[in-house]
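This report concerns only the one structure given below.
Remember, predicted model here, so these are calculated numbers, not experimental data. Chain identifiers are assigned alphabetically (A, B, ...) following the order of the sequence lines, protein sequences preceding nucleic acid strands; residue numbering begins at 1 within each chain.
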Amino acid sequence: MIDLRRLSQDADYRHGAERKGATAENIDTLLAAESRRLETMQTAESLRAASNKASKEIGRANPEERADKIAAASELKQQLTQAESDLAAAEEEVKTLSLEVPNPAHESVPDGGEEDYRVEKTVGDKPAAPKFSHSELGEHLGIVDSERAVRMSGSRFAYVKGDAVRLQFALVQWAISKATAHGFIPVIPPVLVREEMMELAGFFPTDRNQVYELEQDELFLIGTAEVGLAGLHRQERLQLDELPLRYAGYSSCFRREAGTYGKDTAGLFRVHQFDKVELFSYTTAETSWDELELIRQLQEEIVGGLELPYQVITVASGDLGAAAAKKYDIEVWLPSEQRYRELTSCSNYTDYSARRMSTRVVGEDSTELAHTLNGTACAIGRTMLNIFENHQQEDGTVVVPEVLRPFCGLEVLSAVG
RNA sequence: GGAGAGGUGACAGAGCGGCCGAAUGUGCCUCCCUGCUAAGGAGGUGUGCCUCCGGGUACCGUGGGUUCAAAUCCCACCCUCUCCGCCA
(Lines give C-alpha, C1' and ligand atoms only; values in the text may rest on other atoms or scores of the structure.)
Protein backbone atom coordinates (compact mmCIF):
# COMPACT_ATOMS: atom_id res chain seq x y z
CA MET A 1 0.00 0.00 0.00
CA ILE A 2 1.17 3.50 -0.78
CA ASP A 3 1.53 6.27 1.76
CA LEU A 4 -1.55 8.43 1.15
CA ARG A 5 -0.39 11.37 3.18
CA ARG A 6 2.90 11.48 1.37
CA LEU A 7 1.19 11.04 -1.96
CA SER A 8 -0.74 14.24 -1.38
CA GLN A 9 2.21 16.25 -0.09
CA ASP A 10 5.31 15.00 -1.86
CA ALA A 11 5.44 15.80 -5.57
CA ASP A 12 8.43 13.53 -6.22
CA TYR A 13 6.71 10.62 -4.61
CA ARG A 14 3.64 11.21 -6.72
CA HIS A 15 5.74 11.52 -9.84
CA GLY A 16 7.35 8.14 -9.06
CA ALA A 17 3.93 6.53 -9.03
CA GLU A 18 3.02 8.16 -12.32
CA ARG A 19 6.18 6.78 -13.90
CA LYS A 20 4.88 3.34 -13.07
CA GLY A 21 1.64 3.91 -14.88
CA ALA A 22 -0.67 5.47 -12.33
CA THR A 23 -2.49 8.27 -14.13
CA ALA A 24 -2.99 11.73 -12.68
CA GLU A 25 -6.66 10.90 -12.65
CA ASN A 26 -6.11 7.67 -10.65
CA ILE A 27 -4.19 9.59 -8.07
CA ASP A 28 -6.53 12.55 -7.82
CA THR A 29 -9.53 10.26 -7.46
CA LEU A 30 -7.76 8.38 -4.72
CA LEU A 31 -6.74 11.53 -2.89
CA ALA A 32 -10.26 12.90 -3.10
CA ALA A 33 -11.59 9.64 -1.69
CA GLU A 34 -9.05 9.81 1.10
CA SER A 35 -10.05 13.30 2.13
CA ARG A 36 -13.69 12.18 2.10
CA ARG A 37 -12.70 9.29 4.31
CA LEU A 38 -11.02 11.61 6.79
CA GLU A 39 -14.04 13.87 6.85
CA THR A 40 -16.55 11.08 7.44
CA MET A 41 -14.22 9.59 10.01
CA GLN A 42 -14.20 12.81 11.99
CA THR A 43 -17.98 13.03 11.82
CA ALA A 44 -18.36 9.44 12.94
CA GLU A 45 -15.86 9.84 15.75
CA SER A 46 -17.45 12.92 17.21
CA LEU A 47 -20.86 11.26 17.07
CA ARG A 48 -19.38 8.27 18.78
CA ALA A 49 -17.88 10.51 21.43
CA ALA A 50 -21.32 12.04 22.09
CA SER A 51 -22.92 8.63 22.11
CA ASN A 52 -20.35 7.20 24.53
CA LYS A 53 -20.85 10.17 26.81
CA ALA A 54 -24.64 9.77 26.78
CA SER A 55 -24.36 6.08 27.56
CA LYS A 56 -22.09 6.69 30.49
CA GLU A 57 -24.54 9.17 31.96
CA ILE A 58 -27.27 6.58 31.94
CA GLY A 59 -25.24 4.42 34.25
CA ARG A 60 -25.09 7.22 36.81
CA ALA A 61 -28.63 8.55 36.31
CA ASN A 62 -31.55 8.31 38.75
CA PRO A 63 -34.13 5.67 37.89
CA GLU A 64 -36.76 8.27 36.93
CA GLU A 65 -34.41 10.02 34.46
CA ARG A 66 -33.31 6.85 32.80
CA ALA A 67 -36.10 6.46 30.28
CA ASP A 68 -35.51 9.93 28.83
CA LYS A 69 -31.80 9.51 28.72
CA ILE A 70 -32.05 6.16 27.01
CA ALA A 71 -34.32 7.66 24.39
CA ALA A 72 -31.82 10.47 23.77
CA ALA A 73 -28.92 8.05 23.53
CA SER A 74 -30.92 5.89 21.21
CA GLU A 75 -31.39 8.85 18.88
CA LEU A 76 -27.65 9.49 18.85
CA LYS A 77 -27.03 5.86 18.17
CA GLN A 78 -29.10 6.03 15.02
CA GLN A 79 -27.11 8.94 13.68
CA LEU A 80 -23.94 7.11 14.57
CA THR A 81 -25.02 3.99 12.71
CA GLN A 82 -25.59 6.09 9.61
CA ALA A 83 -22.24 7.83 9.97
CA GLU A 84 -20.50 4.50 10.43
CA SER A 85 -21.93 3.08 7.27
CA ASP A 86 -20.84 6.21 5.39
CA LEU A 87 -17.39 5.70 6.82
CA ALA A 88 -17.27 2.05 5.84
CA ALA A 89 -18.21 3.01 2.28
CA ALA A 90 -15.52 5.69 2.18
CA GLU A 91 -12.92 3.27 3.50
CA GLU A 92 -13.87 0.66 0.96
CA GLU A 93 -13.49 3.20 -1.80
CA VAL A 94 -10.03 4.23 -0.64
CA LYS A 95 -8.98 0.62 -0.36
CA THR A 96 -10.13 -0.22 -3.86
CA LEU A 97 -8.60 2.89 -5.42
CA SER A 98 -5.32 2.49 -3.58
CA LEU A 99 -4.79 -0.88 -5.24
CA GLU A 100 -4.44 1.02 -8.51
CA VAL A 101 -1.52 3.06 -7.30
CA PRO A 102 1.82 1.24 -7.22
CA ASN A 103 4.85 1.87 -5.04
CA PRO A 104 6.60 4.87 -6.65
CA ALA A 105 9.69 4.12 -8.70
CA HIS A 106 13.06 5.21 -7.37
CA GLU A 107 14.67 8.10 -9.24
CA SER A 108 17.45 5.84 -10.53
CA VAL A 109 14.99 3.62 -12.39
CA PRO A 110 14.81 4.17 -16.16
CA ASP A 111 11.46 5.03 -17.75
CA GLY A 112 9.67 2.67 -20.07
CA GLY A 113 8.54 -0.93 -20.36
CA GLU A 114 9.97 -4.42 -20.57
CA GLU A 115 12.49 -3.53 -23.28
CA ASP A 116 13.73 -0.36 -21.65
CA TYR A 117 15.95 -1.83 -18.99
CA ARG A 118 19.40 -0.46 -18.36
CA VAL A 119 22.36 -2.82 -18.49
CA GLU A 120 24.55 -2.17 -15.45
CA LYS A 121 27.34 -4.60 -16.17
CA THR A 122 28.27 -7.62 -18.19
CA VAL A 123 30.49 -10.37 -16.84
CA GLY A 124 32.07 -13.41 -18.49
CA ASP A 125 32.44 -14.74 -22.03
CA LYS A 126 29.45 -15.96 -23.99
CA PRO A 127 29.97 -19.56 -25.12
CA ALA A 128 28.86 -20.73 -28.54
CA ALA A 129 25.84 -23.00 -28.90
CA PRO A 130 26.55 -26.32 -27.13
CA LYS A 131 26.28 -29.80 -28.50
CA PHE A 132 23.18 -30.41 -26.38
CA SER A 133 20.64 -27.86 -25.27
CA HIS A 134 19.86 -28.08 -21.56
CA SER A 135 16.76 -30.19 -22.19
CA GLU A 136 18.56 -32.47 -24.62
CA LEU A 137 21.37 -32.88 -22.15
CA GLY A 138 19.01 -33.82 -19.35
CA GLU A 139 17.40 -36.50 -21.46
CA HIS A 140 20.74 -37.60 -22.91
CA LEU A 141 22.23 -38.28 -19.46
CA GLY A 142 18.92 -39.45 -18.08
CA ILE A 143 19.16 -36.97 -15.23
CA VAL A 144 16.08 -34.94 -16.16
CA ASP A 145 13.15 -37.06 -17.25
CA SER A 146 10.27 -34.97 -18.52
CA GLU A 147 8.71 -37.67 -20.64
CA ARG A 148 7.81 -39.98 -17.77
CA ALA A 149 6.83 -37.00 -15.64
CA VAL A 150 4.12 -36.24 -18.18
CA ARG A 151 2.60 -39.65 -17.47
CA MET A 152 2.79 -38.94 -13.80
CA SER A 153 1.65 -35.35 -13.55
CA GLY A 154 1.29 -33.81 -16.99
CA SER A 155 3.40 -31.31 -18.85
CA ARG A 156 5.81 -28.96 -17.11
CA PHE A 157 6.86 -31.50 -14.52
CA ALA A 158 10.11 -33.42 -14.36
CA TYR A 159 11.86 -36.23 -12.58
CA VAL A 160 15.28 -35.03 -11.52
CA LYS A 161 17.60 -38.00 -11.14
CA GLY A 162 21.11 -39.17 -10.43
CA ASP A 163 23.85 -36.56 -10.56
CA ALA A 164 21.29 -33.81 -11.13
CA VAL A 165 19.94 -34.52 -7.66
CA ARG A 166 23.40 -34.38 -6.19
CA LEU A 167 24.04 -31.16 -8.06
CA GLN A 168 20.78 -29.75 -6.75
CA PHE A 169 21.66 -30.45 -3.13
CA ALA A 170 25.12 -29.00 -3.69
CA LEU A 171 23.58 -25.81 -5.07
CA VAL A 172 21.27 -25.51 -2.09
CA GLN A 173 24.13 -26.00 0.34
CA TRP A 174 26.39 -23.63 -1.51
CA ALA A 175 23.77 -20.90 -1.82
CA ILE A 176 22.76 -21.17 1.82
CA SER A 177 26.36 -21.10 2.97
CA LYS A 178 26.96 -17.91 0.95
CA ALA A 179 23.83 -16.33 2.35
CA THR A 180 24.66 -17.37 5.90
CA ALA A 181 28.06 -15.73 5.55
CA HIS A 182 26.20 -12.45 4.96
CA GLY A 183 24.03 -12.87 8.03
CA PHE A 184 20.99 -14.44 6.42
CA ILE A 185 19.21 -16.88 8.71
CA PRO A 186 18.23 -20.10 6.93
CA VAL A 187 14.50 -20.78 7.02
CA ILE A 188 12.24 -23.50 5.71
CA PRO A 189 8.81 -21.89 5.59
CA PRO A 190 5.42 -23.57 5.21
CA VAL A 191 4.60 -24.15 1.56
CA LEU A 192 0.87 -24.20 2.26
CA VAL A 193 -0.56 -20.91 3.45
CA ARG A 194 -3.87 -19.24 4.08
CA GLU A 195 -5.50 -16.94 1.63
CA GLU A 196 -4.94 -14.02 3.95
CA MET A 197 -1.17 -14.46 3.78
CA MET A 198 -1.27 -14.47 0.00
CA GLU A 199 -3.14 -11.18 0.12
CA LEU A 200 -0.88 -9.60 2.67
CA ALA A 201 2.25 -10.70 0.85
CA GLY A 202 0.85 -8.95 -2.22
CA PHE A 203 0.26 -11.98 -4.44
CA PHE A 204 -3.52 -11.80 -4.31
CA PRO A 205 -5.58 -10.70 -6.13
CA THR A 206 -3.06 -9.94 -8.93
CA ASP A 207 -1.41 -13.35 -9.28
CA ARG A 208 -4.25 -15.48 -8.05
CA ASN A 209 -4.50 -17.42 -11.29
CA GLN A 210 -0.83 -18.41 -10.97
CA VAL A 211 -1.38 -20.15 -7.67
CA TYR A 212 -2.52 -23.68 -6.87
CA GLU A 213 -5.40 -23.89 -4.46
CA LEU A 214 -6.33 -26.74 -2.16
CA GLU A 215 -10.00 -26.04 -2.00
CA GLN A 216 -10.93 -28.58 0.61
CA ASP A 217 -8.60 -27.05 3.17
CA GLU A 218 -8.69 -23.45 1.96
CA LEU A 219 -4.92 -23.43 1.61
CA PHE A 220 -2.68 -22.31 -1.21
CA LEU A 221 0.66 -23.61 -2.45
CA ILE A 222 3.26 -20.87 -2.40
CA GLY A 223 4.95 -19.77 -5.62
CA THR A 224 7.99 -18.59 -3.66
CA ALA A 225 9.33 -18.71 -0.10
CA GLU A 226 8.90 -14.94 -0.12
CA VAL A 227 5.32 -15.48 1.05
CA GLY A 228 6.43 -17.09 4.28
CA LEU A 229 9.28 -14.66 4.85
CA ALA A 230 7.19 -11.55 4.18
CA GLY A 231 4.64 -12.73 6.72
CA LEU A 232 7.14 -13.68 9.37
CA HIS A 233 6.91 -10.40 11.26
CA ARG A 234 3.36 -9.45 10.55
CA GLN A 235 2.00 -6.98 13.09
CA GLU A 236 5.28 -6.96 14.94
CA ARG A 237 7.42 -4.12 16.18
CA LEU A 238 11.05 -4.84 15.51
CA GLN A 239 13.78 -3.29 17.60
CA LEU A 240 16.17 -1.00 15.78
CA ASP A 241 19.21 -2.84 17.12
CA GLU A 242 18.09 -6.22 15.76
CA LEU A 243 18.03 -4.88 12.19
CA PRO A 244 18.77 -5.72 9.52
CA LEU A 245 16.96 -9.01 9.88
CA ARG A 246 17.97 -11.27 7.02
CA TYR A 247 16.43 -14.57 6.04
CA ALA A 248 17.25 -17.15 3.41
CA GLY A 249 14.17 -19.27 2.81
CA TYR A 250 14.44 -22.61 1.10
CA SER A 251 11.30 -24.14 -0.31
CA SER A 252 9.64 -25.88 -3.16
CA CYS A 253 7.68 -23.43 -5.27
CA PHE A 254 4.53 -24.11 -7.23
CA ARG A 255 3.30 -22.10 -10.18
CA ARG A 256 0.46 -22.76 -12.54
CA GLU A 257 2.19 -20.87 -15.37
CA ALA A 258 -1.19 -19.88 -16.76
CA GLY A 259 -0.89 -17.99 -20.02
CA THR A 260 2.50 -19.40 -20.97
CA TYR A 261 1.29 -22.05 -23.40
CA GLY A 262 4.03 -23.12 -25.69
CA LYS A 263 6.73 -21.02 -24.01
CA ASP A 264 9.81 -22.78 -22.69
CA THR A 265 8.14 -26.15 -22.73
CA ALA A 266 11.32 -28.22 -22.70
CA GLY A 267 13.33 -29.25 -19.68
CA LEU A 268 13.52 -27.45 -16.36
CA PHE A 269 13.28 -23.87 -17.54
CA ARG A 270 9.63 -23.31 -16.75
CA VAL A 271 8.04 -26.01 -14.61
CA HIS A 272 5.14 -26.13 -12.18
CA GLN A 273 7.30 -27.27 -9.30
CA PHE A 274 10.84 -26.20 -8.49
CA ASP A 275 13.04 -25.47 -5.52
CA LYS A 276 14.47 -22.11 -4.67
CA VAL A 277 16.48 -20.31 -2.01
CA GLU A 278 15.00 -16.85 -1.52
CA LEU A 279 16.52 -13.91 0.34
CA PHE A 280 14.45 -11.50 2.38
CA SER A 281 15.60 -8.50 4.46
CA TYR A 282 13.92 -6.26 6.96
CA THR A 283 15.61 -2.87 7.25
CA THR A 284 14.94 0.76 8.02
CA ALA A 285 14.23 3.51 5.50
CA GLU A 286 17.79 4.74 5.99
CA THR A 287 19.45 1.47 5.04
CA SER A 288 17.20 -0.20 2.48
CA TRP A 289 19.02 1.14 -0.57
CA ASP A 290 22.35 -0.11 0.73
CA GLU A 291 20.68 -3.42 1.46
CA LEU A 292 19.50 -3.70 -2.14
CA GLU A 293 23.10 -3.33 -3.28
CA LEU A 294 24.22 -5.91 -0.74
CA ILE A 295 21.69 -8.42 -2.00
CA ARG A 296 22.69 -7.76 -5.56
CA GLN A 297 26.31 -8.23 -4.67
CA LEU A 298 25.54 -11.52 -2.96
CA GLN A 299 23.61 -12.65 -6.01
CA GLU A 300 26.54 -11.78 -8.22
CA GLU A 301 28.84 -13.72 -5.94
CA ILE A 302 26.63 -16.74 -6.33
CA VAL A 303 26.14 -16.53 -10.09
CA GLY A 304 29.74 -15.47 -10.64
CA GLY A 305 31.03 -18.16 -8.30
CA LEU A 306 29.32 -20.71 -10.52
CA GLU A 307 31.24 -19.23 -13.44
CA LEU A 308 28.16 -18.32 -15.42
CA PRO A 309 28.30 -15.41 -17.90
CA TYR A 310 25.72 -12.82 -16.89
CA GLN A 311 24.51 -9.28 -17.10
CA VAL A 312 22.88 -7.17 -14.43
CA ILE A 313 19.99 -4.99 -15.54
CA THR A 314 17.89 -2.36 -13.83
CA VAL A 315 14.30 -3.04 -14.71
CA ALA A 316 12.41 -0.07 -16.20
CA SER A 317 9.63 1.67 -14.31
CA GLY A 318 6.75 0.17 -16.27
CA ASP A 319 7.95 -3.40 -15.72
CA LEU A 320 8.44 -3.24 -11.96
CA GLY A 321 5.25 -4.66 -10.56
CA ALA A 322 3.24 -2.88 -7.89
CA ALA A 323 5.48 -3.40 -4.88
CA ALA A 324 9.03 -2.79 -6.13
CA ALA A 325 10.49 0.71 -6.13
CA LYS A 326 13.56 -0.63 -7.88
CA LYS A 327 14.53 -4.02 -9.23
CA TYR A 328 17.67 -5.61 -10.57
CA ASP A 329 17.56 -8.77 -12.62
CA ILE A 330 20.54 -10.97 -13.24
CA GLU A 331 20.29 -12.59 -16.63
CA VAL A 332 22.50 -15.49 -17.56
CA TRP A 333 23.68 -16.21 -21.07
CA LEU A 334 21.91 -19.29 -22.37
CA PRO A 335 24.12 -20.65 -25.14
CA SER A 336 21.47 -22.77 -26.89
CA GLU A 337 19.31 -19.69 -27.36
CA GLN A 338 22.22 -17.28 -27.77
CA ARG A 339 20.58 -14.76 -25.47
CA TYR A 340 20.36 -13.72 -21.85
CA ARG A 341 17.56 -15.22 -19.78
CA GLU A 342 16.45 -14.15 -16.33
CA LEU A 343 17.91 -16.17 -13.48
CA THR A 344 17.46 -14.00 -10.40
CA SER A 345 15.95 -10.71 -9.39
CA CYS A 346 16.00 -8.51 -6.34
CA SER A 347 13.73 -5.68 -5.31
CA ASN A 348 13.39 -2.97 -2.74
CA TYR A 349 9.75 -2.78 -1.68
CA THR A 350 10.50 0.17 0.62
CA ASP A 351 7.58 0.48 3.04
CA TYR A 352 4.91 -0.61 0.55
CA SER A 353 4.63 -4.19 1.69
CA ALA A 354 5.36 -3.50 5.36
CA ARG A 355 2.45 -1.07 5.50
CA ARG A 356 0.04 -3.83 4.59
CA MET A 357 1.77 -6.26 6.94
CA SER A 358 2.06 -3.72 9.77
CA THR A 359 5.69 -4.52 10.35
CA ARG A 360 7.24 -1.61 12.23
CA VAL A 361 10.59 -0.60 13.60
CA VAL A 362 10.85 0.96 17.04
CA GLY A 363 13.46 3.70 16.95
CA GLU A 364 14.90 6.04 19.56
CA ASP A 365 11.93 8.33 19.68
CA SER A 366 9.60 7.18 16.96
CA THR A 367 8.17 4.09 15.38
CA GLU A 368 8.14 3.78 11.63
CA LEU A 369 7.34 1.19 9.01
CA ALA A 370 10.04 -1.29 8.14
CA HIS A 371 11.48 -1.46 4.65
CA THR A 372 11.53 -4.90 3.08
CA LEU A 373 13.55 -6.35 0.24
CA ASN A 374 13.70 -9.68 -1.44
CA GLY A 375 15.83 -11.46 -3.97
CA THR A 376 16.62 -14.83 -5.40
CA ALA A 377 19.66 -16.56 -3.93
CA CYS A 378 19.34 -19.58 -6.18
CA ALA A 379 16.53 -20.83 -8.38
CA ILE A 380 17.76 -24.40 -8.46
CA GLY A 381 16.27 -25.70 -11.69
CA ARG A 382 17.19 -22.71 -13.78
CA THR A 383 20.66 -22.56 -12.29
CA MET A 384 21.26 -26.22 -13.08
CA LEU A 385 20.19 -25.83 -16.66
CA ASN A 386 22.53 -22.89 -17.05
CA ILE A 387 25.32 -25.09 -15.77
CA PHE A 388 24.31 -27.84 -18.22
CA GLU A 389 24.94 -25.47 -21.11
CA ASN A 390 27.63 -23.08 -19.96
CA HIS A 391 29.85 -25.81 -18.52
CA GLN A 392 29.31 -28.25 -21.33
CA GLN A 393 32.45 -29.40 -23.11
CA GLU A 394 32.71 -29.99 -26.84
CA ASP A 395 32.08 -33.69 -26.36
CA GLY A 396 28.85 -32.97 -24.52
CA THR A 397 30.09 -33.71 -20.99
CA VAL A 398 29.32 -31.22 -18.24
CA VAL A 399 31.98 -30.06 -15.80
CA VAL A 400 30.75 -29.26 -12.30
CA PRO A 401 31.74 -25.75 -11.13
CA GLU A 402 34.65 -25.79 -8.75
CA VAL A 403 32.74 -24.33 -5.82
CA LEU A 404 30.14 -27.09 -5.87
CA ARG A 405 32.58 -29.98 -5.84
CA PRO A 406 33.07 -30.07 -2.07
CA PHE A 407 29.32 -30.28 -1.70
CA CYS A 408 28.65 -33.11 -4.15
CA GLY A 409 31.97 -34.78 -4.79
CA LEU A 410 31.45 -34.67 -8.55
CA GLU A 411 33.70 -33.23 -11.23
CA VAL A 412 31.67 -34.25 -14.22
CA LEU A 413 28.01 -35.18 -14.51
CA SER A 414 27.51 -38.82 -15.39
CA ALA A 415 24.65 -40.59 -17.08
CA VAL A 416 22.17 -42.49 -14.94
CA GLY A 417 22.43 -46.27 -15.00
C1' G B 1 -10.87 -38.61 12.94
C1' G B 2 -13.18 -38.87 18.49
C1' A B 3 -13.44 -36.39 23.64
C1' G B 4 -12.34 -32.20 26.63
C1' A B 5 -10.05 -27.29 28.16
C1' G B 6 -8.82 -22.50 26.84
C1' G B 7 -7.62 -17.79 24.00
C1' U B 8 -7.01 -10.59 28.28
C1' G B 9 -1.15 -5.91 28.07
C1' A B 10 6.45 -7.99 27.67
C1' C B 11 5.05 -12.37 30.85
C1' A B 12 1.91 -14.50 34.81
C1' G B 13 -3.01 -13.78 36.11
C1' A B 14 -8.04 -11.13 37.89
C1' G B 15 -12.25 -9.21 35.75
C1' C B 16 -20.66 -8.13 38.60
C1' G B 17 -23.47 -5.68 31.07
C1' G B 18 -22.22 0.79 32.79
C1' C B 19 -17.31 3.76 37.58
C1' C B 20 -12.56 -1.32 32.59
C1' G B 21 -7.55 0.38 28.33
C1' A B 22 -8.54 -3.00 31.95
C1' A B 23 -6.94 -5.11 39.29
C1' U B 24 -2.67 -7.63 41.15
C1' G B 25 2.18 -9.77 40.66
C1' U B 26 6.80 -10.15 37.80
C1' G B 27 9.79 -7.64 34.43
C1' C B 28 11.42 -2.81 32.55
C1' C B 29 12.56 2.81 33.18
C1' U B 30 13.53 7.17 36.52
C1' C B 31 14.53 8.69 41.37
C1' C B 32 15.54 7.87 46.90
C1' C B 33 18.16 4.94 50.46
C1' U B 34 22.69 2.00 50.72
C1' G B 35 30.90 0.57 50.81
C1' C B 36 29.36 -2.66 45.93
C1' U B 37 25.43 -6.12 44.87
C1' A B 38 20.92 -7.69 46.92
C1' A B 39 16.87 -6.06 49.83
C1' G B 40 13.68 -1.69 50.76
C1' G B 41 10.88 3.06 49.37
C1' A B 42 8.41 6.79 45.53
C1' G B 43 6.78 7.49 40.64
C1' G B 44 6.33 5.78 35.69
C1' U B 45 5.72 1.90 31.91
C1' G B 46 0.69 -0.83 25.33
C1' U B 47 -0.48 0.16 20.17
C1' G B 48 -2.98 2.25 15.73
C1' C B 49 -5.71 6.23 13.64
C1' C B 50 -7.63 11.44 13.71
C1' U B 51 -6.46 16.19 15.78
C1' C B 52 -8.48 23.04 15.99
C1' C B 53 -2.27 19.40 20.15
C1' G B 54 -6.85 20.52 24.69
C1' G B 55 -8.04 15.97 23.34
C1' G B 56 -11.00 12.29 20.56
C1' U B 57 -11.46 7.31 18.88
C1' A B 58 -10.43 2.10 18.27
C1' C B 59 -8.23 -2.44 20.01
C1' C B 60 -9.27 -8.01 25.76
C1' G B 61 -8.25 -14.55 19.21
C1' U B 62 -11.38 -13.04 14.35
C1' G B 63 -16.06 -11.70 12.30
C1' G B 64 -21.21 -10.90 13.11
C1' G B 65 -25.48 -10.15 16.61
C1' U B 66 -28.35 -8.37 21.13
C1' U B 67 -28.26 -3.50 23.98
C1' C B 68 -28.61 3.40 25.09
C1' A B 69 -24.05 0.63 26.83
C1' A B 70 -20.19 -5.63 25.70
C1' A B 71 -13.53 -8.09 27.84
C1' U B 72 -18.24 -9.49 30.22
C1' C B 73 -24.50 -12.15 26.90
C1' C B 74 -25.62 -14.91 21.90
C1' C B 75 -23.88 -17.10 17.03
C1' A B 76 -20.14 -18.54 13.55
C1' C B 77 -15.19 -19.13 12.52
C1' C B 78 -9.82 -19.35 13.61
C1' C B 79 -6.06 -20.82 16.81
C1' U B 80 -3.65 -23.25 21.05
C1' C B 81 -3.33 -27.12 24.67
C1' U B 82 -4.56 -32.17 26.91
C1' C B 83 -6.25 -37.31 26.19
C1' C B 84 -7.44 -41.32 22.50
C1' G B 85 -6.69 -43.10 17.38
C1' C B 86 -3.46 -42.87 13.07
C1' C B 87 1.33 -41.54 11.39
C1' A B 88 6.91 -39.50 8.53
Could you tell me how far apart [X] ([atom1]) and [N] ([atom2]) are, to the nearest whole angstrom?
X	N	atom1	atom2	value
A:Arg356	B:G48	CZ	C1'	18 Å
A:Arg234	B:G48	CZ	P	16 Å
A:Asn52	B:U57	CG	C1'	8 Å
A:Leu219	B:C77	CG	P	17 Å
A:Gln239	B:A10	CD	P	12 Å
A:Met41	B:U57	CE	C1'	8 Å
A:Leu369	B:G48	CG	C1'	11 Å
A:Gln235	B:C59	CD	P	15 Å

Legend entry - A:Phe204 ring center near A:Phe220 ring center (under 6.0 Å): yes
Inset, instruction - Run the ring-centre check on A:His233 versus A:Tyr282 and record whether the distance is less than 6.0 Å. - result: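 Yes, the ring of A:His233 comes within the 6.0 Å limit of the ring of A:Tyr282, centre to centre.
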Distance-only donor-acceptor pairs under 3.5 Å for side chains of residues 223-232 of chain A, two or more places apart:
unit_1: A:Thr224; atom_1: OG1; unit_2: A:Glu226; atom_2: N; d: 3.0
unit_1: A:Thr224; atom_1: OG1; unit_2: A:Lys276; atom_2: NZ; d: 2.8
unit_1: A:Glu226; atom_1: OE1; unit_2: A:Asn374; atom_2: ND2; d: 2.9
unit_1: A:Glu226; atom_1: OE2; unit_2: A:Tyr349; atom_2: OH; d: 3.0

Inset, instruction - Apply salt bridge (Lys or Arg N to Asp or Glu O under 4.0 Å) to A:Glu342 and A:Arg382, showing your working. - result: CA-CA 9 Å; A:Glu342 179 180 340; A:Arg382 275 199 193 176; 5.5 Å; no
Side-chain donor-acceptor pairs under 3.5 Å in residues 294-310 of chain A, sequence neighbours left out?
unit_1: A:Arg296; atom_1: NE; unit_2: A:Glu300; atom_2: OE2; d: 3.3
unit_1: A:Gln299; atom_1: NE2; unit_2: A:Ser345; atom_2: O; d: 3.2
unit_1: A:Gln299; atom_1: NE2; unit_2: A:Thr376; atom_2: O; d: 2.7
unit_1: A:Glu300; atom_1: OE1; unit_2: A:Lys121; atom_2: NZ; d: 2.8
unit_1: A:Glu300; atom_1: OE1; unit_2: A:Tyr310; atom_2: OH; d: 2.7
unit_1: A:Glu301; atom_1: OE1; unit_2: A:Lys178; atom_2: NZ; d: 3.2

Legend entry - CD/A:Gln239: more than 12 non-hydrogen atoms of other groups inside 6.0 Å: yes
Inset, instruction - Report, as yes or no, whether the 6.0 Å neighbourhood of atom CD on A:Glu25 holds more than 12 heavy atoms from other residues, nucleotides or ligands. - result: no
Please give the distance between the [atom1] atoms of [N] and [M] as a whole number of Å.
N	M	atom1	answer
B:U51	B:U57	P	16 Å
B:U72	B:A58	P	15 Å
B:A22	B:G40	P	27 Å
B:G61	B:A5	C1'	16 Å
B:G64	B:G15	C1'	24 Å
B:C74	B:C20	P	23 Å
B:C50	B:A14	C1'	33 Å
B:G18	B:A70	P	11 Å

Would one find a side-chain N or O of [X] under 4.0 angstrom from OP1 or OP2 of [N]?
X	N	result
A:Arg237	B:U47	yes
A:Arg5	B:U51	yes
A:Arg194	B:C79	yes

Inset, instruction - Could you check if the base of B:G54 is syn or anti? Syn means the glycosidic torsion is within 90 degrees of 0. - result: syn
By salt bridge (Lys or Arg N to Asp or Glu O under 4.0 Å) - contacts of [X] (at least two apart):
X	result
A:Arg37	A:Glu34
A:Arg48	A:Glu84
A:Asp68	none

Look for any protein N or O under 3.5 Å of an N or O in nucleotides 86-88 of chain B and output each such pair with its distance, or none.
none

Inset, instruction - Give one of base, sugar-phosphate or nothing for A:Leu76, where a contact means two heavy atoms less than 4.0 Å apart. - result: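 Here A:Leu76 touches no strand at all.
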Legend entry - Sugar-phosphate, base or nothing in reach of A:Glu45, heavy atoms under 4.0 Å: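 Answer is base: heavy atoms of A:Glu45 come under 4.0 Å of a base.
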Inset, instruction - Map A:Thr367 and A:Ala49 onto RNA chain B by nearest heavy atom, then report which one ends up closer to the 5' terminus. - result: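 By nearest-heavy-atom nucleotide position, the 5'-most residue is A:Thr367.
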Inset, instruction - For RNA chain B, determine which residues of residues 26-37 of chain A have any heavy atom closer than 4.0 angstrom to one of its atoms, and list them numerically. - result: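 Contacts with RNA chain B under 4.0 Å: none.
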Please determine whether a side-chain nitrogen of the Lys or Arg among [X] and [Y] lies less than 4.0 Å from a carboxylate oxygen of the Asp or Glu.
X	Y	result
A:Glu257	A:Arg156	no
A:Asp12	A:Arg6	no
A:Arg5	A:Asp10	no

Inset, instruction - Using Watson-Crick or G-U wobble pairs with both distances under 3.5 Å, give me RNA chain B in dot-bracket, 5' to 3', with [ ] for crossers and | for pairs to another strand. - result: ((((((((.[[[..)..(.....]]]((((((.......))))))(((((....))))).[[[[[..)....]]]]])))))))....
Close N or O pairs between protein and nucleotides 62-68 of chain B (under 3.5 Å):
unit_1: B:C68; atom_1: O2'; unit_2: A:Ser55; atom_2: OG; d: 3.1

Inset, instruction - Quick one: which residue pairs count as a ring-ring contact (aromatic ring centres under 6.0 Å, His included) with a foot in residues 59-110 of chain A, not counting sequence neighbours? - result: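 Qualifying pairs, neighbours excluded: A:His106-A:Trp289.
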Inset, instruction - If a pair satisfies salt bridge (charged side-chain N to carboxylate O under 4.0 Å, His left out) and one of its residues is in residues 230-242 of chain A, list it, with sequence neighbours excluded. - result: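 Those involving residues 230-242 of chain A are A:Glu196-A:Arg234.
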Distance-only donor-acceptor hits, side chain of residues 398-417 of chain A, under 3.5 Å, sequence neighbours excluded:
unit_1: A:Arg405; atom_1: NE; unit_2: A:Val400; atom_2: O; d: 2.9
unit_1: A:Arg405; atom_1: NH2; unit_2: A:Val400; atom_2: O; d: 2.9

